[in-house]
Amino acid sequence: MKWSQTLIPTLREAPADAEIASHKLLLRAGLIRKLAGGVYTFLPLGLRALHKVEQIVREEMDRAGALEMLMPALQPPEIWQQSGRYETAGNVLFKLKDNGNREWVLSPTAEEVITTTAASEINSYRQLPKTFYQISVKFRDEIRPRFGLMRAREFIMKDAYSFDVSDEAAQVCYLKMYDAYARIFARCGLKAFPVEADTGVIGGKFSHEFMVPAETGENEVVYCEACSYAANIEKATSGIPKTAAREIGAALEKFATPGVFTIEALSKEPFSVAANRQIKTLVYIADSKPVIVLIRGDDQLNEAKIAGIIGTTILRAATAEEIFAAMGAHPGSLGAVASTLESQQKDPIRRFAESLRDAPKIYADERLRGANGMTTGANEDGFHFHNVSIERDIQVTQWFDLRTVTAGEPCVKCGKPLKIRRAIEVGHVFKLGTKYSEKLGSTFLAEDGQRRPCIMGCYGIGVTRTLQAVIEQSNDTNGIIWPVSVAPYTVCITPLNVAPEGAVMKLAEKIYADLAAQGVDVILDDRDDRPGVKFKDSELVGFPIRIGIGEKSLAKGEVELKPRAGAMIPVKPDEVVERVVQLIKDSTPAGK
RNA sequence: CGGAGCGUAGCUCAGCCUGGUAGAGCACUUGGUUUGGGACCAAGACGUCGCAGGUUCAAAUCCUGUCGCUCCGACCA
């Protein structure tokens, strides 16, 4: 490609709405342009890079035996109602109406469609196992799109779905995909690592996310350097000890705490109750019903955990008004001690609470199990209790691990201190089980004559996000540093004098033709611009290899081979093609 | 959904407080000079000052509404 023939609108300055390095570089290097919030056009150069990522994904999916297909992005809402996700994923579903007022949804993933297809086309164990995938545009109604392609309303995702006859067979599929993912990210030049993950909206039993470490990532990962443990913070647990029991079994003691509404205030004079001897009482609204969550005063609730336990995504903190209606006291004085909770809730003015048939469920963190001598709100404004024994005084519905792990806690596997770092989620693999196959009727007749639901798995890769993650992980002050595997062009030839009959341009044209003949993706910067402009642009765009040709070096019988991330190598003109081909070979990971 | 900020040339922004002829740099066009790290000179083109309404003799500027964008928050009672 000749530079003058394509469109590479580089910018000296980044648009003001770009925050992170990769987003700025995508815009400055002329790869994408924003059409609206979270909606982007891929310009020619950006599309080339995107296609390279897609091709790597395609090759590895094919290698793993998955079958490519293409499903509609525009989908009828009925199948979403059937799976139950019309409600549970409702906050991210784009919904629209056609001119006949019929409703449609724009697909964020395609479990419903593929399961519907499998239901009608797969009927026998003889047809299994099967894994299908597609690379297509997806939609999410993001509350707050940001960081360019990282969190967009419209994006490209590879989604794959496996159908198996048994858990054992599904496990084989899962591992195959897991391996394929490791290969894909390695080929993209990404340092991605798998972590245990929460299953979120998709649902299912078991999952891993593939994470790219980055300060600007929107996820936090808990990991152990001593052993293999790594988990999304939404899922992570630690070996932190339970609250130490105290010897005494003293009776409840109510005391006045006027103006004290925080854990911190209660930990100071004159009360001096350490945060780790307090019980924090939180109220959430899950599917429009209040639930009470208890956690130790010095711990943080992990909302993803409680949402997972209740099995809803429609979970939010209750407002002060809702809390008073449900509890009969205001935040800061709440408590779940049985007697007070009951008396407050029975108060006739608590209409909201009365409208609920059942008392709110009380979920407590495991770390509080067996705790006594604790302090918590009396569920009466301005009062707290001392000497609370949680098992004696509070009717806990169920115990769970609900707290958020913090750095330095002992690893749940090996006991060494855990670390936490930020990361970008680029891939996600799930074991789905029969959640969708049961609801949408994807069953098969087994060898024994029994009809059973398929065991499913699903596997996603954010293709556009992966592209941006590559840039986020590989750039410097001058611009992008593309790995060869996803660079829009591998080689940029930069003649410093573009006079058509000059020796410089003639040599440039020859090297260009020779490289192209070798199958190298090469671009020739034939613009009649000053050298500085051309050098800056080639570094901003980040081509892995630049071949500089100018009168000065040519007089010495040399051209300049400049790897984007390395030092300049003088090379004889008739050796340059060979050297370039070798460089490309050296920088391509084995196994391709 | 709550709070804050911003919408002026393709991009970065000034002008707004204190109402009175629409600005700069970069980019773009033409001519000339220059030519190994984002050149220089000259001439030029590019704006319903987000949109709608109001106040006023007069609105980019003040007021109201609206749309869009950005940031913070929407666990830590």
Side-chain angles (χ1 to χ4, degrees), chain A residues 7 9-20 23-24 27-28 30 33-39 91 143-148 220 233-234 257 260-267 275 278-285 292-307 315-324 326-327 329-336 365 376-377 379 381-382 384 402-404 406 478-479 494-499 502 504 527-541 546 548-556 558-560 562 568:
Chain A
L7 178 68
T10 57
L11 301 172
R12 195 176 292 199
E13 289 169 290
D17 57 8
E19 285 273 302
I20 62 175
H23 186 194
K24 288 180 188 169
L27 293 163
R28 286 190 57 208
R33 285 293 183 262
K34 182 170 83 172
L35 179 64
V39 178
N91 51 340
I143 306 169
R144 200 175 149 197
R146 61 186 123 174
F147 302 149
E220 283 186 292
I233 194 144
E234 295 181 343
T257 51
V260 172
F261 298 113
T262 61
I263 300 281
E264 201 196 345
L266 200 58
S267 69
Q278 298 187 41
I279 301 170
K280 185 152 56 179
T281 307
L282 307 170
V283 180
Y284 277 78
I285 304 291
I292 297 170
V293 181
L294 304 181
I295 196 151
R296 209 170 82 172
D298 56 336
D299 281 339
Q300 305 297 332
L301 175 68
N302 188 324
E303 282 194 50
K305 288 182 180 174
I306 188 77
L315 179 84
R316 60 176 174 83
T319 64
E321 293 74 32
E322 287 169 330
I323 289 172
F324 187 73
M327 304 287 288
H330 287 99
S333 304
L334 302 179
D365 182 58
T376 192
N379 212 39
D381 289 350
H384 279 74
L402 295 173
R403 58 186 294 282
T404 304
T406 58
N478 292 318
T494 307
L496 301 184
N497 180 340
V498 295
V504 168
R527 294 174 300 170
D528 185 11
D529 256 311
R530 298 170 68 82
V533 173
K534 297 168 79 156
F535 289 148
K536 286 284 184 193
D537 267 354
S538 79
E539 281 158 19
L540 173 58
V541 174
R546 182 176 71 213
I549 308 171
E551 265 114 13
K552 275 191 194 171
S553 52
L554 214 50
K556 289 189 281 181
E558 291 170 350
V559 297
E560 293 164 4
K562 170 75 174 69
M568 194 268 281

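Labels below follow one simple rule: chain letters A, B, ... track the order of the sequence lines, proteins then strands, and each chain is numbered from 1. Atoms considered below: every heavy atom in the structure, side chains included; atoms not considered: hydrogens, waters and symmetry mates.
Nucleic acid contact class of Phe261(A) (heavy atoms, under 4.0 Å, all strands): sugar-phosphate only. At the heavy-atom level, Ile263(A) lies under 4.0 Å from the strands shown only through sugar-phosphate atoms. Asp537(A) comes within 4.0 angstrom of a base, heavy atoms only. Residue Arg546(A) is in base contact, counting any heavy-atom pair closer than 4.0 Å across all strands shown. Within the 4.0 angstrom heavy-atom criterion, no nucleotide atom of any strand lies near Arg403(A). Residue contacts for Gly550(A): at a heavy-atom cut-off of 4.0 Å it reaches a base atom on one of the strands shown. Contacts of Lys562(A) with the nucleic acid, taken as non-hydrogen atoms under 4.0 Å apart, are absent. Using a 4.0 Å heavy-atom distance criterion, Ser553(A) is classed as a base contact. Residue contacts shown for Lys534(A) are absent, as no nucleic acid heavy atom lies under 4.0 Å away. Among the heavy atoms of the strands, none lies under 4.0 Å from Gln278(A).
Nucleotides A27(B) and A9(B) have their C1' atoms positioned 11 Å apart, rounded to a whole Å. Atom name C1', nucleotides C72(B) and U30(B): the rounded distance is 49 Å, in whole Å. Straight-line distance between the C1' atoms of G65(B) and U55(B): roughly 15 Å, to the nearest whole Å. When the P atom is used for both G5(B) and G23(B), the distance is 30 Å, rounded to whole Å. The C1' atoms of C67(B) and C28(B) are separated by 30 Å, rounded to the nearest whole Å.
Taking the side chain as every heavy atom from C-beta outward, Ile549(A) and Leu496(A) never approach each other to under 4.5 Å. Leu11(A) is not listed as a side-chain neighbour of Lys24(A), based on a closest heavy-atom distance of 4.5 Å or more. Between Ile295(A) and Leu282(A) the shortest side-chain heavy-atom distance falls below 4.5 Å.
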Polar atom pairs between nucleotides 30-35 of chain B and protein, under 3.5 Å, N or O only, would you list them?
from, atom 1, to, atom 2, distance (Å)
U34(B), O2, Arg530(A), NH1, 2.8

Can you check nucleotides 2-5 of chain B for protein contacts, nitrogen or oxygen pairs under 3.5 Å, and list what you find?
none

Would you tabulate the pairs of protein nitrogen or oxygen atoms and nucleotide nitrogen or oxygen atoms of nucleotides 72-74 of chain B closer than 3.5 angstrom?
from, atom 1, to, atom 2, distance (Å)
C72(B), OP2, Arg144(A), NH2, 2.2

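Taking the nucleotide of RNA chain B with the nearest heavy atom to each of Glu539(A) and Asp17(A), the more 5' of the two is matched to Glu539(A). Both Gly548(A) and Ala16(A) sit near RNA chain B, but only Ala16(A) has its closest nucleotide nearer the 5' end.
Between Lys280(A) and Asp298(A), no side-chain nitrogen of the basic residue sits less than 4.0 Å from a carboxylate oxygen of the acidic one, so the salt-bridge criterion is not met. Taking 4.0 Å as the cut-off between side-chain N and carboxylate O, Arg546(A) and Glu539(A) count as a salt-bridged pair.
Of the possible polar contacts, none joining the Arg28(A) side chain to the Ala14(A) backbone as a donor-acceptor pair under 3.5 Å is found. For the pair Ser333(A) (side chain) and Asn379(A) (backbone), a donor-acceptor distance under 3.5 Å is absent.
At a cut-off of 3.5 angstrom, the base of G38(B) holds no donor-acceptor pair with the side chain of Glu13(A).
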